[in-house]
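This structure is a prediction, so every number in the text was calculated from the model and none was measured.
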Amino acid sequence: MSPAVPSLGPFRRYVTGHDETTAKAIHIRNTIVETEPIPGSKLKDKTKVLFTTSEVPVQSNSLLDDGSWTDPMEVRTGSLANKTGTVLRVVDFPPHEEGMNHRTSSVDYGIVLYGEIVHALDSGERVTLKAGDIMVQRGTMHQWNNDSDEWCRMIFVLQAAEAATVNGKVLEQGGFKPEDVASGVKA
């Protein structure tokens, strides 16, 4: 019998920064996080964006000039990847789900934390990843399929990249509508 997603449990996300007076390192955010369905999605995946950046190099000051800090989890993402920065996301894939075939203009590091998942390419190639395995995804058309009887949890780091180009042909991102995969607080 396959476990329900709550058995994967919530997790805790910590964010560090600097004390504005002493310049010592501090924890500025400590949040219990649970994955959520993407509203309107046909998939039963549950996901949560944990952190984003909008530029490289990243501004790592703890606070804004007005003394506040905006938690990226409280801002809605516009797509799977960020056009100019990075996205840190966790995804829970339910048993026996075939994912969407898609491509992003990003370099993605996908790490299996729990369970197993099939990485399927448009060429027909398939690789099964298990807990601890890592996929470096470089702008290729692919999908994530959970063929097992168990849930799979992965963490993804997506970094903005130029669209892949093969023999002069630009391979644009696609296979999804950005608004269908946006996550986080509604705008």
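- Lys48 and Glu34 make their closest contact through CE-O, 3.8 Å (heavy atoms, listed as atom of the first residue, atom of the second, distance).
- Arg89 places no side-chain N or O within 3.5 Å of a backbone atom of Ile155 that could act as its donor or acceptor partner.
- Between the side chain of Gln137 and the backbone N or O of Thr140 there is at least one donor-acceptor pair closer than 3.5 Å.
- Atom CE of Met135 and atom CG of Asp108 lie 11.0 Å apart (nearest 0.5 Å).
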**Item:** Evaluation steps, side-chain contact (heavy atoms from CB on, under 4.5 Å), between Ile26 and Thr16
**Value:** CA-CA 6 Å; Ile26 58 172; Thr16 63; over 6 Å; no
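- Relative orientation of the Phe156 and Phe93 rings is perpendicular, given thresholds of 30° and 60° on the angle between their planes.
- The structure places CD1 of Ile117 at 9.5 Å from OG1 of Thr128, a figure rounded to the nearest 0.5 Å.
- Side chains of His119 and Asn145: no donor on one and acceptor on the other come within 3.5 Å.
- For Asp147 against Arg126, the heavy-atom pair with the smallest separation is OD2-NH2, 2.7 Å.
- Partners of His102 by ring pair (Phe, Tyr, Trp, His ring centres under 6.0 Å), not counting sequence neighbours, listed by chain and number: His142.
- Side chains of Trp144 and Met154 form a contact here, defined as non-hydrogen atoms less than 4.5 Å apart.
- Atom CG of Asp92 sits about 9.0 Å away from atom CG of Leu113, to the nearest 0.5 Å.
- Contact between Ala163 and Glu172 at its shortest, heavy atoms only, is CB-OE1, 4.4 Å.
- In terms of heavy-atom proximity, Ser106 sits nearest to Leu158 at OG-CD2, 4.0 Å.
- Of all heavy-atom pairs between Val90 and Thr47, the closest is O-OG1, 3.0 Å.
- In terms of modelled atom types and a separation under 3.5 Å, the side chain of Thr53 and the main chain of Thr86 share a donor-acceptor contact.
- Within the 4.5 Å cutoff, the side chain of Val49 has heavy atoms near those of the Val87 side chain.
- Considering every non-hydrogen atom in both Cys152 and Asn146, the closest pair reads N-ND2, 3.6 Å.
- With rounding to the nearest 0.5 angstrom, the OG atom of Ser148 is 11.5 Å from the CD atom of Glu97.
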**Prompt:** Going through the checks in order, is the side-chain contact (heavy atoms from CB on, under 4.5 Å) test met by Asp149 and His96?
**Reply:** CA-CA 7 Å; Asp149 294 330; His96 306 290; 2.6 Å; yes
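- In this structure, Val112 is not a member of the same hydrophobic cluster as Val118, with clusters built from ILVMFWY side-chain heavy atoms closer than 4.5 Å.
- Linking ILVMFWY residues whenever their side-chain heavy atoms come closer than 4.5 Å, directly or via other members, leaves Leu121 and Ile134 in distinct clusters.
- In this structure, OH in Tyr14 is found 9.5 Å from OG1 in Thr31, a value given to the nearest 0.5 Å.
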**Arg29 and Arg13: CA distance, side-chain angles, deciding distance, side-chain contact (heavy atoms from CB on, under 4.5 Å) verdict** = CA-CA 8 Å; Arg29 194 59 56 100; Arg13 184 207 58 164; 3.3 Å; yes
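- Side-chain atoms of Arg103 come within 3.5 Å of backbone N or O of Gly139 as a donor-acceptor pair.
- Taking the side chain as every heavy atom from C-beta outward, Met141 and Asn101 approach each other to under 4.5 Å.
- Considering only residues two or more places apart in sequence or on other chains, Thr22 meets the side-chain contact (heavy atoms from CB on, under 4.5 Å) condition with Asp19, Lys24.
- Under the 4.5 Å side-chain criterion, counting only non-hydrogen atoms from C-beta, Pro10 is in contact with Ile32.
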